[in-house]
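The structure appears below as structure tokens.
When reading the values below, keep in mind they use all heavy atoms of this one structure, side chains included, and skip hydrogens, waters and symmetry mates. The structure presented is a predicted model; accordingly, all values stated were derived computationally and were not measured. Chain identifiers are assigned alphabetically (A, B, ...) following the order of the sequence lines, protein sequences preceding nucleic acid strands; residue numbering begins at 1 within each chain.
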Amino acid sequence: MGGWAIAVHGGAGVDPNLPPHRQEEAKKLLTRCLNLGISALRSNHSAIDVVELVVRELETDPVFNSGRGSALTANGTVEMEASIMDGNGRRCGAVSGLTTVKNPVSLARLVMDKSPHSYLAFSGAEDFARQQGVELVENEYFITEENVGMLKLAKEANTIVFDYRIPAVGSETCSAVAESPLQMNGLPISVYAPETVGCVVVDNQGRCAAATSTGGLMNKMNGRIGDSPLIGAGTYACNLCGVSCTGEGEAIIRGTLAREVAAVMEYKGLSLQEAVDFVIKERLDEGFAGLIAVSNKGDVACGFNTTGMFRGCATEDGFMEVNIWE
Amino acid sequence: MKHFLNHLLNLQQYPLSPNSLLLSLYIYILPTLAAQTSSTQLSLSLSPRFSKEKACLRQRIMGWAIALHGGAGDIPVSLAAERRQPREAALRHCLKVGVGALKAQKSPLDVVELVVRELENNPHYNAGRGSVLTREGTIEMEASIMDGNTKRCGAVSGLTTVVNPISLARLVMEKTPHIYLAFDGAERFAREQGIETVDSSHFITQENIERLKQAKEANRVQIDYTQPIQKDEKKETPTADGDSQIGTVGCVAVDSHGNLASATSTGGLVNKMVGRIGDTPIIGAGTYANNLCAVSATGKGEAIMRGTVARDVAALMEFKGLSLKDAAAYVVEECVPRGNVGLVAVSAKGEVTMSYNTTGMFRACATEDGYSEIAIWPSVQN
């Protein structure tokens with residue numbers, strides 16, 4: 001095929017009762033981000049630049065769980081993480097435990113470009129951010145009232161909430177919370193909802209890139225790291241493809257999901273869609289997740305075994321789609 | 001066919017009876033055929049739902065196996081005896097501990113944790129006590145552990161007071177709903193769990209203070225074991241060999257039922273930035289285990305991460321049907337630049353391989369049929 005292609009996501013696992021206006025809001029944001037990416041691609045920006053700029057947009061908008069609007073830790077604070085990978089050379093950068101960096105994905109990029117390492121975390125990452133002069137804000141900037149409500153709900157139900165899409169409005173949601181049969185790692189999950197954001201791009205030179213960013217799980221232990229900053233788990237890019245995952249972090253990590261898509265393409269010769277389908281079907285066991293991917297040939301694909309995934313994709317030949325459900 | 005012959009060669013250490021030959025055909029040809037039809041049902045990634053009958057047959061050609069490493073790198077062959085001997089002795093001791101545990105029917109998960117704890121406690125290796133220092137002169141340790149059967153895993157980073165990081169990683173796996181805890185959160189969890197902690201100074205050795213000093217003078221980050229490059233030229237000085245011999249530690253084990261596990265632990269890179277995380281706690285990079293094999297890697301963390309080294313060994317076995325040995329060799333030769341990586345691995349069938357593209361790797365292994373090896377540089381035998 002050839003040509004550029006781009007996909008974005010705002011998390012896998014959407015509550016089927018999500019109010020229509022919230023669905024619209026999410027779709028609008030995805031559309032806006034796609035368009036940003038598309039116009040950058042049309043101006044011949046490289047894949048690595050495009051994924052960064054699109055994820056920055058997703059982080060800045062509080063709709064999804066990354067940057068502003070991140071899920072809260074058990075202490076009520078925000079700890080963000082992100083990773084980025086340039087398929088051209090497989091260079092990568094990742095950050096975890098950020099509390100004041102406005103755009104985690106950009107810090108991840110700086111780790112890749114400006115440090116001798118690939119992954120920096122917590123106070124070391126924050127120090128690096130200061131040295132690099134990236135935009136810093138108070139931790140409160142990232143916290144939204146809605147998430148404060150969700151944290152309270154999660155603590156009451158004594159669970160780790162997958163995310164927080166259901167606004168804390170009262171008893172009807174409380175009962176949904178208590179009765180949900182959904183599980184993660186043996187703990188009841190009250191609400192299945194979107195979390196992580198990500199973007200994958202192949203530019204018109206066939207270079208692939210991927211980036212993922214998140215606030216993690218609502219009510220997570222401080223210091224908990226999920227799949228999003230882990231190369232091979234939440235993010236991966238090589239000369240064949242770029243992949244970004246979302247969903248149960250633990251399932252994505254043990255399934256090395258993002259790398260898996262590339263590995264079956266590389267070692268089994270599967271096409272992008274076949275690889276995505278294989279991985280979702282065979283590598284998740286009892287876990288729930290979704291992913292988006294692009295190939296160096298200009299293909300775009302997504303797959304998920306959750307109820308819905310916020311996503312959008314577009315290719316150079318004019319195809320464009322934003323979706324939540326199957 | 002080549003793979004099948006390799007497989008038979010691997011079997012030669014076991015009595016080659018008609019049964020084991022038939023078994024080899026059964027276990028080998030079927031999955032190969034299955035792989036060609038892109039079906040994963042019969043693939044060699046044997047799931048726990050494997051039938052009892054097949055499991056019994058499987059046992060007869062397998063035995064336990066264990067391999068451990070103390071780091072790959074530019075270890076000079078001129079390494080002074082007083083530096084080499086304690087490290088060799090440690091390898092010998094840890095191998096003995098691991099073999100003893102396997103013979104006592106301990107699970108591979110217990111075995112790899114036990115062996116890595118021994119290596120962490122040894123000040124000559126870069127893990128636990130003896131960890132290299134960050135640029136601030138502090139200790140930040142990390143580790144991960146993985147159980148091949150369930151693919152459950154645990155990882156920790158940024159530890160400063162935990163005596164045995166690998167044990168904390170195991171607690172994360174078993175006692176939390178998460179896989180990976182780091183820095184303050186991990187230290188707090190350690191205290192909640194009552195695991196042994198000490199003042200950070202316990203881990204610091206004079207050798208590592210020296211290494212950091214040299215690295216700062218040379219103004220670079222080094223894998224803890226490379227020759228310090230003096231400003232004038234690369235030559236061996238009395239202090240030169242102080243830098244080349246230690247690295248990440250790790251252990252992989254398989255029992256006679258084909259259960260696999262892997263564990264890796266490290267202090268990281270000399271002079272690393274505070275907060276720097278390497279490959280060791282990253283599942284798929286420094287550590288991986290499934291029901292085909294268990295892998296523990298060592299070397300330049302950044303290169304191992306981008307090469308998803310541990311996962312790729314298993315992926316090559318699964319998707320391309322390579323043997324353990326071939327898969328490991330391929331990853332080490334093709335996926336990571338020369339001088340950057342080493343790994344140890346065992347397969348569900350009781351095979352073991354130790355592969356590296358550096359000058360040397362501190363390593364040891366043993367299999368149930370009595371084979372054992374302790375080495376630093378390439379062995380001259382076949």
Side-chain angles (χ1 to χ4, degrees), chain A residues 73 79 85 89-92 94-97 111 115-128 159-160 184-187 217 220-227 229-233 236 238 249-250 253-256 258-260 262-264 266-270 274 278 281-282 285, chain B residues 35 38 40 45 47 134 136 140 146 150-153 155-158 172 176-189 220-221 269 271-279 281-285 288 290 301-303 305-308 310-312 314-316 318-322 335:
Chain A
T73 67
E79 277 176 14
M85 191 161 186
R90 289 182 304 160
R91 296 178 317 129
C92 41
V95 286
S96 280
V111 170
S115 87
H117 302 316
S118 294
Y119 190 4
L120 288 180
F122 292 87
S123 62
E126 294 269 328
D127 287 342
F128 178 67
T159 64
I160 296 164
M184 184 181 86
N185 285 319
L187 283 192
L217 290 181
K220 67 182 179 180
M221 289 170 77
N222 285 78
R224 177 262 187 184
I225 291 177
D227 65 293
L230 303 188
I231 298 300
Y236 189 77
C238 61
E250 283 66 17
I253 292 173
R254 75 165 65 97
T256 55
R259 171 59 185 140
E260 208 69 1
V264 293
E266 192 175 341
Y267 299 141
K268 274 178 88 153
L270 298 191
E274 287 170 340
F278 171 84
K281 184 153 174 279
E282 305 289 340
D285 301 326
Chain B
S38 297
T40 54
S45 57
S47 73
T134 70
E136 308 285 317
E140 280 177 10
M146 190 162 186
T150 56
K151 291 205 284 186
R152 287 168 70 215
C153 31
V156 287
S157 279
V172 172
T176 75
H178 302 316
I179 281 182
Y180 192 2
L181 286 182
F183 292 88
D184 291 348
E187 288 274 325
R188 194 169 322 134
F189 175 66
R220 65 195 168 83
V221 167
L269 288 187
N271 203 25
K272 65 182 178 178
M273 289 171 71
V274 168
R276 177 261 187 187
I277 292 176
D279 66 296
I282 312 279
I283 299 300
Y288 189 75
N290 61 8
E302 285 72 12
M305 267 203 276
R306 81 156 61 98
T308 54
R311 174 67 189 116
D312 268 34
L316 283 163
E318 184 174 354
F319 300 135
K320 282 196 106 125
L322 295 193
C335 302

Whatever's closer than 4.5 Å to a heavy atom in chain B on A:R259 counts as side chain
Distance col, row B:E302:CD vs A:I231:CD1, nearest 0.5 angstrom, shows 11.5 Å
(request) For residues A:D285 and B:K151, determine if any side-chain heavy atom of one lies less than 4.5 Å from a side-chain heavy atom of the other. (result) yes
- prompt: Ring centroid separation for B:F319 and A:Y267, is it under 6.0 angstrom?
  reply: no
Does the side chain of B:M273 reach to within under 4.5 Å of the side chain of A:P116, using non-hydrogen atoms?
yes
- Query: In this structure, are over 12 heavy atoms from other groups packed under 6.0 Å from B:D184 atom CG?
  - Reply: no
Note: vs chain A, highest number of non-hydrogen pairs under 4.5 angstrom among B:F183, B:F189, B:Y288 is B:F183
If you tally heavy-atom pairs under 4.5 Å between each of B:V274, B:T308, B:I277, B:T134 and chain A, the highest tally belongs to B:I277
Note: A:I253 and B:C153 closest approach over all heavy atoms is CG2-SG, 4.5 Å
Chain A shares the most heavy-atom pairs under 4.5 Å, among B:L181, B:T150, B:V156, B:D279, with B:L181
In this structure, CG of B:L269 is separated from NE2 of A:H117 (nearest 0.5 Å) by 6.0 Å
Whatever's closer than 4.5 Å to a heavy atom in chain A on B:R276 counts as both
In terms of heavy-atom pairs under 4.5 Å with chain A, the winner among B:D312, B:I282, B:V172, B:I283 is B:D312
Cut-off 4.5 Å, heavy atoms of chain A, and the answer for B:R188 is side chain
On a heavy-atom basis, the closest approach of A:R90 and B:G307 is NH1-CA, 3.6 Å
What one should report as the nearest heavy-atom pair of A:S118 and B:M305 is CB-CE, 3.4 Å
If one checks every heavy atom of A:A121 against chain B at 4.5 Å, the contacting part turns out to be both
Given A:E260, A:E79, A:E274, the one with more heavy-atom pairs under 4.5 angstrom with chain B than any other is A:E260
Rounded to the nearest 0.5 Å, the CD atom of A:E266 sits from the CG atom of B:L316 at a distance of 8.0 Å
Turns out that what part of B:A285 lies under 4.5 Å from chain A's heavy atoms comes down to neither
* Could you give me the CA-CA distance, side-chain angles and deciding distance for B:H178 and A:L217, then say whether side chain to side chain contact (heavy atoms under 4.5 Å, CB included) is met? => CA-CA 10 Å; B:H178 302 316; A:L217 290 181; 3.9 Å; yes
